[in-house]
J.: 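Please see the structure below; I have some questions.
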Amino acid sequence: MVNAIKGVFVSCDIPMTQFIVNMNNSMPPSQRFIIHILDSTHLFVQPQVEQMIRSAISDFRDQNSYEKPTS
């Protein structure tokens, strides 16, 4: 019998994949959301965390963006 699991397919570059995996590993075991790591640029995650991942990536990019100082 086949078991099907509903999820979201995530495709990103290797550094962003590592960011998501690190975010997943920092959570308690009961809240981890990665269902399967397909390869170095593709993940299968639980559908309810899609917006949380998007927000975390957005915050990460905002923190790591260069802003020219105003003089």
J.: Are F19 and V8 connected into the same hydrophobic cluster when the rule is that any two of I, L, V, M, F, W, Y join if their side-chain heavy atoms are below 4.5 Å apart?
T.: yes
J.: Could you name each residue pair satisfying side-chain hydrogen bond (donor to acceptor under 3.5 Å, both in side chains) that touches residues 44-53, not counting sequence neighbours?
T.: Q46-Q48, E50-R54
J.: If I compare all heavy atoms of T17 with all of C12, which pair ends up nearest, and what's the gap?
T.: OG1-SG, 3.1 Å
J.: Decide yes or no for I20 and I53: does some side-chain heavy atom of the first lie under 4.5 Å from some side-chain heavy atom of the second?
T.: yes
J.: First locate atom CD1 of I35, then atom CG of N24, and finally report the distance between them rounded to the nearest 0.5 Å.
T.: 10.5 Å
J.: How long is the gap from CG on L43 to OG on S11, to the nearest 0.5 Å?
T.: 9.0 Å
J.: Can you list every ring pair (Phe, Tyr, Trp, His ring centres under 6.0 Å) pair that touches residues 24-43, not counting sequence neighbours?
T.: F9-H42
J.: Can you list everything that forms a side chain to side chain contact (heavy atoms under 4.5 Å, CB included) with P28? Sequence neighbours excluded, please.
T.: S30, Q31
J.: So do M23 and R32 actually touch side chain to side chain, heavy atoms under 4.5 Å?
T.: no
J.: To the nearest 0.5 Å, what is the distance between CZ on F44 and CG on L38?
T.: 8.0 Å
J.: Locate the shortest heavy-atom distance separating P47 from G7; write the atom from each residue and the value.
T.: CD-CA, 3.7 Å
J.: Has the side chain of N64 got a donor or acceptor atom that lies under 3.5 Å from a matching backbone atom of F60?
T.: yes
J.: Is T41 close to D39 at the side-chain level, that is, under 4.5 Å between some pair of heavy atoms?
T.: yes
